[in-house]
Undergrad: 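Structure incoming, see below.
Lettering of chains follows the sequences in order, A, B, ..., and the numbering in each one begins at 1. None of these values were measured; they are calculated from a predicted model.
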Amino acid sequence: MSAGRPSDFRLVAGAAVAALGFLGIPFLIAATPIEPVMGIVQKIFYFHVPCAYLLFLSTFVCAGASIAYLFKGSEGGDRLALCSAELGVLFGLCVLVTGPLWARVAWGVYWQWDARLTSALLLWLMLVGYLLARRYGGPAAKRLAAGLALFAAVDAPLVYVSVNVWRTIHPNTSVITQSVPEMKLAVRLAALLFLVLWGVLLALRLRLERARAALGELELACEDALEGP
Amino acid sequence: MTTLRLDGVGKTFGRHRALIDISTTFSTGQVAVVLGPNGAGKSTLLGILSTLMQPTTGAVLWGAERMGRDSNMRTAVGYVGHEPGLYGDLTARENLSLFGSLYGIPDVGARVGAMLTRVGLGDVRPDAAARTFSRGMMQRLSLARALMHEPPILLFDEPAAALDPQGADWLTGEIRQERAAGRLVLLVTHDLDAAASVADQLLVLRRGRLTFDETRAGGFAPEAVRSLYQEKTRAGG
Amino acid sequence: MPAASPGWWAQAAQIARKDLRLEWRSREVLFTMTFLATLVVLIFSFAFIAGDDSSLSPSVTAGILWVAVLFSGTVGLSRTFDREREGEAIRSLLLSPVPRSAIYAGKVVATTVLMFMVELIVTPLAAVFFSTTISTHAAWLALLLLLGTIGFAAVGVVFSAGLLRSRSRDVLLSVMLFPIVAPVVMAGARGTSLLLDPATPDMGGALLWTQVLAVAAVVFVTVGLWAFEPVATGE
């Protein structure tokens, strides 16, 4: 892969933005006022919330790409679904680690069966299931995993509603709406930066998968040349 | 006469090429035998001809129609494999009526009776579950299932595997009979003598490629099949 | 050559009848599923009942019941699809001109009927073990179980069919199925517990959960009808 192609430029630019952002955002976060009730621990939300967005985004990208694979036979769709599922598992892990850290201070326990965290956990389990099915699902693994992604996407609203009625103790309004403008700005910037990071990681991971597919084609072509009729 | 034409058919599983650029034509009223070592792509070829697999490249044409997932094209095919493709806990009659009604055959009951007699199972105990059948009886029932809807194309995938010599002879007779009835018969086998006894057209596959494809009016002698198989499955052959 | 193909509904009914007839021959899945479900209920009783009080809170009873349904249903699905794999019967089914969605619908119906029969036996048993009254809202409870079972079967049939040729199909079925049906189990267990509570039965709450189960069933069946063909029957 030679440098200088447009996709490489975008990749480098994205990586640079993300890197600069991650250098700068701590100052911005430090500058936000300390939340009067929860104290300094509230600042974990600048990581927690963007990661949660990306978990949801990954799930839906995975499902959309899976539809393209299932119904149009798009191999690119399959690759995109795999890569976004992996990223979903990664960012979901961030959500599931930072959530309890915060909960320990705010609620006194690591794990509360609160609506949003439980929904995130279930989505995360579905994405892990996707990766397991894809890996160990036998000859139909790719289509099987794509089917799981499809069900996961339609299941997400159901999960959210059920869990919400089931239990609601998440500080759903106390963080963002009562926050001062600095907090809003910091959360939004953080979300944007995480999105860029997600995009960069996705592009890199996709590039690897594409290279792998291209290598496969080359191997086949080599075999053809050697075997020729 | 209708033809089944393969036009540049290829099939790739991930990084494995099961079939590469297969072009040939099969005709009704003839028996085509496909030979080849394990892994040569014989099963994949049958999968594509039976519409259960889609070719990665190329097309299969039945007459002027392209074969594919379309369920109407599927009824043109009857399939007998080495596995019976039947439900062991149902009786012979129930198995046949189930598939008969799935194919929408009118007056299924009469047809089932006729088919059972036709494959020599007319006197079988009506309440016996298919799993109690011997291998030979099972293969007869399997043939009856494949012929229920009178398909013009009949595919055999190593049908004589694990059959006793009488069973194998019976099967050879059946294949000849179906050819005489004007069906297009395709037989995949490892048994070179059986191949020689029925083949009008002989094909040899090696590592996904067609290395031999010829139709001979007088059929093939057993020695000819043997030497052809030796020659055409050798590396670089 | 056959005349016109029979209609979609007739074909789906054929598939369902075939599955139920196969089951009726041996009653293998029915008996083993019922026994397994009963064992699950008993094991939980050993784990939860303490002292001389043999009653459990309605939410625990409801939870145990739904876990028993989930486990026995998963095992039942595996066995039903084993029958399709034995002797490659599934290939004959796929070779027939039946639309894949009709095969799916037939299998969902058969699975639902089978699971529901098990539930009809296990629910009264659980009520006896936990000294709970179920007769007050018996019909409603049956509706909850039925809707939950349809939702479960709608997802389970797609995955089981896709897993037909996988070596780790048994564990993968649970791994894929449980997170997806978690809202069904949640809604079922919560709804059941509200109905079982003798002191303060919460009809409004039970209605809400019934609606969640109905929506889940409709959504899962719709997606299943759509996704079954590419997931389960590609090459």
Undergrad: What's the shortest heavy-atom distance between C/Ala189 and C/Ala62, and which atoms?
TA: O-CB, 3.3 Å

Undergrad: For chain B, which of C/Ile90, C/Ile15, C/Leu95, C/Leu94 has the most heavy-atom pairs under 4.5 Å?
TA: C/Leu95

Undergrad: Taking side chain as everything from C-beta outward and backbone as N, CA, C, O, which of these in B/Leu86 sits under 4.5 Å from a heavy atom of chain C? Side chain, backbone, both or neither.
TA: backbone

Undergrad: Under a 4.5 Å heavy-atom cutoff, which of B/Ala130, B/Gly88, B/Pro84 has the most pairs with chain C?
TA: B/Pro84

Undergrad: Do B/Gln166 and B/Trp170 pair up side chain to side chain, a donor and an acceptor below 3.5 Å, judged on atom types alone?
TA: no

Undergrad: Relative to chain B, which of C/Gln14, C/Glu88, C/Arg25, C/Glu84 shows the most heavy atom pairs under 4.5 Å?
TA: C/Arg25

Undergrad: Is C/Glu23 salt-bridged to C/Arg83, going by a charged N under 4.0 Å from an acidic O?
TA: yes

Undergrad: Does any backbone or side-chain atom of B/Arg145 lie under 4.5 Å from a heavy atom of chain C? Answer side chain, backbone, both or neither.
TA: side chain

Undergrad: Might you confirm whether atom CZ of B/Arg66 has over 12 heavy atoms from other residues, nucleotides or ligands at distances under 6.0 Å?
TA: no

Undergrad: Could you grab the distance from atom CG of B/Asp89 to atom OG of C/Ser26, nearest 0.5 Å is fine?
TA: 5.0 Å

Undergrad: With a 4.5 angstrom heavy-atom cut-off, could you sort out which part of C/Arg17 is near chain B: side chain, backbone, both or neither?
TA: neither

